[in-house]
Every structure is written in structure tokens, then in C-alpha cells.
Amino acid sequence: MVVWSEENVVHLLNRAGFGAKPNDIKGFLRRGVGLSVEILVSQKPTSAKGPSAPTNERSELKKLSTWWAKRMATQNARRLQEKMVLFWHDHFATQFSVAKSVRRMSYQNRTFREHGLGPLRTLVWEVTRDPAMLEMLDGRQNRKNALNENFARELMELFVLGVFSFDETEENYTQTDVTELTRALTGFQYDANDVGFFNLARWDSGSKTLFAGKPFQATGPIGVEDGAGNLLPPAQNAIDILFTHTDSAGNLTMPRFLGKKLWEYFAYPNPDAALIDEITTDFRANGYVVRDLLRSLFTHDEFYSATAKTSSVKNPCEFLFSAMRALDAQSSHVLTPDKLEDMGMELFEPPSVNGWSSGPSWLSSGQLVARFDAAQAVGAGRSATDVKLKPEKLIPKGAVGEDEVVDEILARLGIAAKTPSGTRQALIDYFEGMNDFEDEEVLEKKVRGAVALALQIPEASIH
Amino acid sequence: MTISRRRFLRNGALAGATLAVPGPLQRALFAPLEAGASGVVDPILVVVQLEGGNDGLNTVIPVDGAQRTAYAAARPSLQISVADLAATTLDDPDPTWGNALALHPSMGGLKGLYDAGKVAILNGVAYPSQSLSHFRSEDIWFSADPLGPFSDGWFGRYLDDFYDPTDLVTVDVDDTLSKMFFSGGGANVLAVRALSQFALPDDPLYPDAAAKKAALEAVYAVEADPGQTSGLQNSVGISGEVLLSKMDEYDAVDTHWGAALDDVPGQLAQRLAEAASIIRHDAVSGSPVGARYFHVRLGGFDTHTNQGTLAGRQASLLTQVSECLTAFYTDLQSINVEAGENVSERVLTLTFSEFGRRIAENGSGGTDHGQASVLFAMGDSVNGGIYGGIPSIAAPNSVGNLVHHTDFRQVYATIIDNWLATAGTHTSLIPNGPFTTLGFL
């Protein structure tokens with residue numbers, strides 16, 4: 001059983017969202033783990049979408065990025081929904097520089113928001129006919145007698161199955177499977193309003209065989225849609241057929257593949273198969289609804305283990321927004337997209353279809369320096385256009401020593417327990433014996449400096 | 001310089017930042033090396049990665065003979081005409097088939113360097129059981145291990161064996177660190193897309209920046225407490241500490257010295273110019289930063305659509321590659337003059353891509369993922385020429401891809417044994433060896 005403590009609340013909100021405001025913690029603490037997780041996973045779909053100018057002007061993209069950053073930084077009940085938008089953007093990674101349209105990126109962003117917690121089948125279908133993705137992986141070019149296997153390969157490799165089985169001993173598909181799936185996925189296009197559709201006339205209606213020789217082999221006129229806007233029945237539907245794939249021992253591939261990816265995103269690297277099978281039990285039993293998987297994940301004891309709290313590097317969104325939430329700092333987020341880009345996470349421009357490299361890769365030398373910059377901006381922030389921080393709120397009432405200020409900052413950031421005592425001391429030493437707290441101007445600068453420093457230590461980038 | 005966090009690291013086994021699971025090899029520890037078998041002292045290596053899978057068949061192209069016939073048949077719209085290849089046809093024939101070969105017409109600059117004997121063309125290179133996944137294939141090129149799952153990079157292993165983890169001898173001119181440098185021994189590699197990025201924030205509203213920098217250094221110098229600190233915290237702490245210690249040294253590198261690369265448009269030129277600036281700094285200034293190994297990357301080679309011929313996606317990329325390599329070569333000659341020594345003889349530049357592309361063009365004016373492709377090695381110490389012919393175009397493998405005749409690990413073995421270290425060293429860095437070296441060094 002999970003002991004529902006403040007530490008665990010902060011952990012949940014760091015992972016299932018973008019950090020915790022002081023006020024959040026009390027509310028979630030009162031609700032207990034079950035209800036807390038339920039509130040996060042059971043939010044109704046929303047089709048909220050940001051600025052959608054039909055242009056490839058970077059200035060318009062910046063507006064969309066700002067709009068989304070603000071949602072990530074401030075959404076309360078819908079914080080997991082926004083987190084999953086970011087996850088799916090990383091998973092179905094699509095680049096603005098390839099899709100060449102703010103509107104197409106905005107529509108894809110809306111699709112992740114609308115379907116990100118729902119049935120995976122629907123989400124994969126929406127992605128298959130998504131205009132930005134049709135550009136990203138050339139799906140629009142793929143038609144009967146003029147095949148382009150780009151999307152089909154990545155659908156299996158990166159989106160649904162993976163190259164290898166969970167234990168990395170078996171290859172999940174052959175080049176023949178790529179070609180056959182390519183044929184099945186012919187016919188998708190989008191119109192002048194950037195709405196995706198299926199053009200039956202461009203579809204290869206012939207018989208295909210997927211996974212020949214396997215127990216789950218499928219043969220027939222496999223496709224996705226029927227030409228009237230409906231999904232084909234499961235036996236004929238390429239998406240459903242991919243979901244039936246198993247390893248030679250009969251373990252379903254997709255739930256393990258996605259379960260592992262989500263576990264690594266939310267908890268720690270290299271989980272056991274047994275753990276992943278546990279968190280995907282409901283997901284497998286009830287038609288692959290993403291929220292079922294997330295509920296099992298966030299209520300699992302292992303999610304609250306010490307390893308799960310210290311083995312991941314915060315991505316730039318998590319790093320910046322969790323700091324701002326913890327410190328109650330405000331921003332219009334006009335400059336946030338630039339900060340995220342410098343830290344290595346340019347929204348709508350993942351480095352490849354494989355998404356961002358996670359973990360320690362976030363802390364390359366250049367990006368670590370960019371984190372130092374962002375930390376400085378938060379600490380020094382005096383304007384709401386950039387960041388507005390009120391340092392006086394970080395001085396505990398009646399404080400008589402600089403150690404109390406440092407402890408307050410570390411506690412607010414949720415890193416007091418894991419910060420080495422030497423590091424804490426170095427932060428205290430930064431105040432250089434200033435303990436009369438009378439020169440408010442100097443004090444303000446010191447508090448701001450200490451905030452920046454506290455965000456620059458390794459512990460602030462790890463969760 | 002003492003690296004306090006590392007003391008703990010050396011005493012306790014843990015995993016973190018650039019620390020991967022130790023590789024499968026039992027390795028001996030060698031003393032740092034001055035001269036490789038080539039006789040070059042302090043060799044420099046610049047790896048240029050062409051990301052996405054460069055179409056080798058439209059990079060080095062058969063001009064006549066049976067290979068040309070097969071090439072033209074497979075590529076009705078993507079073939080480059082014989083007439084258009086006149087200016088870039090090479091003096092040497094394909095060593096396997098005897099027919100004439102040409103570089104893509106956009107690579108006139110590289111053709112000039114080839115004519116001067118500065119370029120080795122390595123045809124038909126790949127690895128066994130080709131994966132057509134970009135990412136699996138990249139992992140294999142980075143690890144030099146086609147068999148196991150990725151654990152660490154071949155160059156990371158080299159750094160582990162020849163350097164101390166705190167020796168910062170490698171710069172990845174990129175946002176994130178290439179897996180080629182991942183290391184079980186915690187080798188630190190600078191990864192930064194521009195040296196100008198590499199400075200602590202300055203804030204006019206915030207006057208005690210110096211105090212804060214001192215505090216930051218103090219924070220990163222804190223002795224780790226094994227009972228309290230996770231492996232990840234430690235490895236982040238170590239890289240931060242190394243980084244802070246090097247910042248002032250790198251601040252002295254002049255990046256506005258008038259490199260020829262500055263006049264070449266595009267990201268590859270900008271990033272190679274950073275490498276050139278560091279090489280120059282170390283050659284001409286009295287306080288070298290000590291960086292000798294570089295990695296730069298150019299993306300966009302995944303030409304499933306609109307690959308083009310004389311113009312188009314691949315032509316534009318190959319133009320960049322050729323112009324960048326040519327300008328880089330020019331810059332090294334300028335550095336020779338300025339430094340009064342032959343720095344360029346110490347510099348080897350190698351291009352690679354994770355795979356080539358399908359022989360037959362696809363339905364959208366592009367090519368899908370393939371197998372064997374071509375690499376270029378460039379430098380004043382390179383034995384120029386063509387190494388290996390283009391694999392048989394008429395006899396592809398079962399999925400229509402060029403079958404390789406040269407294992408990519410032979411290229412690495414050549415570089416390790418004949419450039420970075422001494423004969424036989426590659427067997428301790430590349431699993432499943434030994435591999436026969438090639439003659440380009």
C-alpha cells in the first residue's frame with residue numbers, strides 16, 4: 001500500500017503533471033492516492049486548441065508554443081492531459097520544419113489533447129490520417145502502385161511494436177511486413193483545410209499478408225478505413241492487427257512496448273517485464289484505453305519507490321514549469337519557447353521521428369548551461385513578460401537566519417531530502433553571514449541568487 | 001584540478017549520466033599515446049555524420065558498363081545522366097567492375113580534393129544482417145556491435161582506455177551527446193552546438209554574478225555523500241564540475257578569425273567552423289584547450305520523397321557536404337601557415353551515414369531504406385583513392401538493397417590501429433574482431 005505523504009503527492013504531481021504549487025499539495029493529500037489519481041486520469045476529453053494560422057511563419061508558431069506552454073505551466077485538473085499531449089508529441093514525433101504549417105501542428109496538438117487518454121486504437125487512427133504526420137512520414141505520398149514505406153515502418157518500429165521483443169531476442173517484423181503494411185496504409189490524404197481523409201481510389205485493395213507464418217498472421221484486403229469514414233472491422237484493420245502481435249511465448253507486444261515506454265517516461269529506466277504486465281492488466285482487459293494504463297501505473301507501489309524518485313532527468317518543460325509552480329512564479333510565457341529551445345526542447349520541433357533523447361541526454365554541457373540560464377531567469381525574474389518571482393514570499397515569517405531561507409527554498413522545490421548537506425551549506429555560505437535581514441535590497445538579491453543556485457544544483461534537475 | 005565527486009565514483013560502482021553498463025569487452029588499460037602507427041603525433045579525428053541514410057548510389061555513381069545499365073534501369077527518374085557527370089568523373093575506375101565512376105555533380109569541390117589525393121572513397125560499407133531502422137542502425141554504428149543491444153559507444157571505449165574521465169579531449173558540436181561517446185568509465189565529453197552558448201548567464205539587474213559563480217562552483221565541488229546521493233545526481237554533478245572548470249579556457253577560443261567555413265551557408269558549416277576554431281586555437285595559442293576529437297551532424301538524408309537529381313533534397317545536402325569539407329580543408333591549410341607547422345597532417349575527417357538507400361526508386365520520387373553505402377575519408381595524411389567497388393546493382397539482396405563487401409568495423413579498425421593508436425589495438429575496442437584494416441591510412 002502506498003503511504004499517502006506530502007513527498008508522494010509531490011512525486012505524483014511532478015510526474016503526472018508539471019510540478020506542484022504549495023496549495024496543490026494540501027488538496028491532493030486530503031484526497032488520498034486513489035481519488036488523486038482518478039481526478040487526473042478521468043478528465044473528459046477537450047478539443048481546446050491554440051492559435052492555428054494556416055501559415056509556416058515561425059512567429060505564428062511561437063504563438064502556438066506560448067499558448068501550449070501556458071497550459072502546461074498552469075492547468076490544474078487537466079495537468080495529466082497536458083503531460084500526455086507532450087508525451088504523444090514526443091512519441092508520434094512530428095516536426096514543424098517538415099509539416100510546414102502552424103495549423104497542421106496545432107490540429108495535431110489538439111488531437112493529442114482530445115484522444116491522449118482514450119482508446120489507443122482511435123489515437124493511432126487519428127495519427128494515421130493526421131495532416132502533419134502525413135507530411136512528416138510521407139503518408140500522403142503513399143498510394144496504390146506508388147508505395148512509400150516511411151510511415152508503415154515507423155508505425156511498427158516507433159509507435160506500436162518496436163524493432164525487437166521486450167527481451168530483445170526476437171525481431172518483431174520483417175521487411176516483407178513493412179511492404180505489406182505500406183500497401184494497407186495507402187490512400188490517406190488531407191484537404192485544403194488541413195483535414196485528413198481516406199481516398200478509397202488511392203487505396204491498394206488487394207490481398208496482403210501481415211506477419212506471415214506467425215500464429216497471428218492476417219491475410220485479406222487489409223486497410224484502415226472503409227471509404228465512408230468508418231474503421232474497418234478488426235480482422236481487416238491494420239491497426240487492430242498490429243495490436244494482436246505477440247512474441248513467441250504469446251506475450252502481447254504492444255502493451256509491453258507502450259507500457260515500458262510510459263513507465264520509463266513516468267518512473268525509471270529498464271523496468272522488469274513482470275512489472276509492465278502488472279500495470280497493463282486493465283489496459284489489456286478493457287480494449288486498450290490509455291487512461292487504464294496510467295491509472296495502474298500511478299497507483300502502483302513501485303511508482304512511489306525511492307528508485308522512481310531519483311532516476312530520471314526532468315525534461316526542460318518539467319524543469320522550468322515545476323520550478324515556477326513550486327515558487328509561485330508568474331509568466332506570460334512569451335519567452336518560454338526560447339528557453340525550452342535552448343534547453344534542448346523546441347516545441348513542435350523534436351530532433352527526429354524518434355522524439356527527444358531523454359534521461360541524461362538532457363544534460364549535455366550546452367543544455368546544462370541553458371538550464372543555468374533558465375534558473376537565473378527564474379531567480380532574477382522581475383517582469384511578468386519573462387518571469388515574475390516574489391522573493392519576499394520565500395522568507396519564512398520570523399526567520400532569523402539564512403539557513404531558514406535556504407531550507408524554505410529547498411523545501412518549496414521538493415528537494416530538501418535529497419540535497420547533500422555540503423550543497424545546502426554552500427547555499428547558506430552564499431549569504432556570507434548576512435543574518436540581520438535588515439537591508440531589504442541586498443536581501444532580495446541574495447534570495448533571488450539563492451533561488452537561481454538552488455535550481456542549478458543537480459538535484460533540481462532530477463526526479 | 002581535483003574532481004571531488006569523481007572520487008566517490010571511482011570507489012563505488014554506479015550508473016548515470018554518460019555512464020552506461022560496462023561493455024562486453026575485457027580491456028587492458030593503456031598509457032595515453034603520443035603517436036599512432038601512422039607516425040602522426042597528437043592525431044585529430046573529425047567525424048561527420050550524415051543522418052537519415054545517405055543514398056550512396058547517387059553520391060558515387062557508375063558512369064558506364066553493366067553497372068550503369070543496371071543503375072539506369074532501377075532509377076528511371078532519379079538517375080543522373082552521363083552528360084551531367086562529366087565534370088565529376090574520377091580518374092580511377094571502379095576497382096571491382098572497371099567502369100568509370102563519378103561523384104554527384106554537386107560535389108565538384110570534393111572532386112578537386114580527390115584529384116589532389118586527399119580523399120579516400122570507401123564503397124560498399126555496411127554491417128551484417130542490416131537493420132532498416134534508422135535508430136537501430138545508428139546504435140550499431142555508434143557501438144560497433146551489430147549483435148548485442150546498445151551498451152556503450154566505440155569512441156567512448158577508446159576514451160575510457162586512453163584518457164582519464166576528467167580529460168576533456170572531445171567536443172560534440174551538437175545539442176546532445178552522440179551515443180558514439182557513451183562510456184562505461186564516465187568519460188566526459190563537451191556537447192555544445194556553439195561555443196558562444198558556453199558561458200554563464202549575465203544579468204545586469206543582478207550585480208553579484210561573481211559571487212554566484214563562486215557559489216555555483218562550490219556547490220558542484222561538494223563531496224558526494226554515498227549514503228544520500230543517487231548515481232544520477234553524482235554523474236550530473238561530475239559533468240557540471242568538469243564543465244565549470246573548463247568554461248574560462250573555452251571562453252578564450254576565438255570563433256571569429258575568418259574561417260572559410262563562415263562563408264558556407266548551413267548548419268554543418270557553422271558546426272564544423274566551431275571545430276576548426278578549436279583546432280586553430282590549440283595550434284596557435286599558448287594555452288590549448290586540448291580537444292582532439294570532434295563529431296558534427298547533418299540531418300535530412302532520409303529522402304523518401306523528392307530526392308531529386310541535379311537539384312532537390314539530396315543535391316542540396318551533398319552540396320553542403322562538399323562545400324563544407326572543401327572549406328574545412330582550406331581552413332586547415334590557413335592554420336598551417338598561421339601556426340608554422342603542418343597541423344593539417346594531424347587531421348582526419350570521416351563521413352558516415354547509418355545506411356544507404358534502396359536501389360530501385362519508390363513511388364514518390366525518393367528511395368526507401370537500404371544497406372551498403374559510401375564513406376569519405378579526407379586529410380593530408382589520407383592515402384587517396386577508391387577502396388572497393390560499388391556492390392552489384394543487378395544482384396541485390398532479397399529486399400532489393402546493395403550487399404556490402406566491407407564491414408564498417410574495418411573502417412574503425414583502420415582508424416584505431418593506424419591513426420588513434422597502434423596495430424592490434426582495435427581488438428580491445430571493437431567486439432568480435434579482429435578485422436582487416438583498409439589501406440586509406
Side-chain angles (χ1 to χ4, degrees), chain A residues 137-138 141-143 145-150 153 157-158 163 168 175-176 178 310-313 342 344 351-354 357 360-370 372-373 376-377 379-380 382 418 420-423 426-427 429-430 432 445-446 448-449 452-453 456-459 461-462, chain B residues 16-19 51 131-136 149 172 174-177 189-194 197-201 203 205-208 211-212 215-216 218-225 228-230 232-237 239-240 243 299 302 304-305 362-366 368-369 398-399:
Chain A
L137 294 180
D138 307 316
Q141 311 270 349
N142 183 34
R143 57 190 198 277
N145 298 327
L147 301 181
N148 184 311
E149 62 190 44
N150 202 2
R153 175 182 307 285
E157 174 179 340
L158 298 175
V163 174
E168 303 203 20
Q175 175 57 30
T176 305
V178 173
T310 54
S311 303
S312 304
V313 175
D342 288 342
S352 76
V353 65
N354 201 18
S357 304
S361 293
W362 286 121
L363 298 177
S364 71
S365 353
Q367 291 174 183
L368 188 59
V369 173
F372 290 172
D373 289 355
Q376 168 89 358
R382 290 171 170 89
K418 61 186 171 190
S421 50
T423 303
L427 289 170
D429 292 346
Y430 168 72
E432 279 181 332
K445 283 171 184 159
K446 287 285 182 185
R448 289 181 177 281
L453 267 175
Q456 290 166 339
I457 66 178
E459 290 69 25
S461 282
I462 290 165
Chain B
T18 56
L19 317 174
E51 199 171 54
S131 166
L132 298 184
S133 150
H134 294 290
F135 309 102
R136 173 69 187 143
D172 196 343
D174 210 332
D175 291 315
T176 53
L177 185 66
V189 173
L190 192 64
V192 64
R193 65 171 177 241
Q197 254 196 316
F198 194 40
L200 284 179
D203 175 10
L205 287 173
Y206 190 78
D208 66 346
K212 208 166 67 61
L216 187 59
V219 163
Y220 273 87
V222 163
E223 188 81 31
D225 173 356
Q228 195 182 10
T229 322
S230 76
L232 189 54
Q233 275 169 274
N234 269 291
S235 52
V236 175
S239 21
L243 176 86
D302 195 21
H304 286 277
T305 56
N362 67 16
S364 29
D368 293 322
H369 301 179
S398 61
V399 292

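Note that the structure is a prediction, hence the values are computed from the model and not measured.
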Counting only heavy atoms closer than 4.5 Å, note whether Ala199(B) contacts chain A via side chain, backbone, both or neither. backbone
With the side chain counted from C-beta on, respond yes when Pro420(A) and Glu459(A) share a heavy-atom pair under 4.5 Å apart, and no when they do not. yes
So what's closer than 4.5 Å to chain A heavy atoms on Asp172(B): side chain, backbone, both or neither? neither
Pairwise side-chain contact, Arg143(A) with Asn148(A), heavy-atom cut-off 4.5 Å (strictly under): no
Comparing Leu216(B), Leu132(B), Val399(B) against chain A, the one with the most heavy-atom pairs below 4.5 Å turns out to be Leu132(B)
Does the pair Glu149(A)/Arg153(A) count as a salt bridge with the N-to-O cut at 4.0 Å? yes
If you count heavy-atom pairs under 4.5 Å between each of Ala215(B), Ala218(B), Ser133(B) and chain A, which one has the most? Ser133(B)
Within the structure provided, determine whether Ser461(A) and Trp362(A) are in side-chain contact (heavy-atom separation under 4.5 Å). no
Which answer fits Leu243(B), side chain, backbone, both or neither, if we ask what part of it has an atom under 4.5 Å from a heavy atom of chain A? side chain
Applying a strict 4.5 Å limit to non-hydrogen atoms, the region of Ile457(A) in contact with chain B is both
What part of Thr310(A) gets within 4.5 angstrom of chain B, counting heavy atoms only: side chain, backbone, both, or neither? both
Tightest non-hydrogen contact, residues Gln456(A) and Phe372(A), listed as NE2-O, 3.1 Å
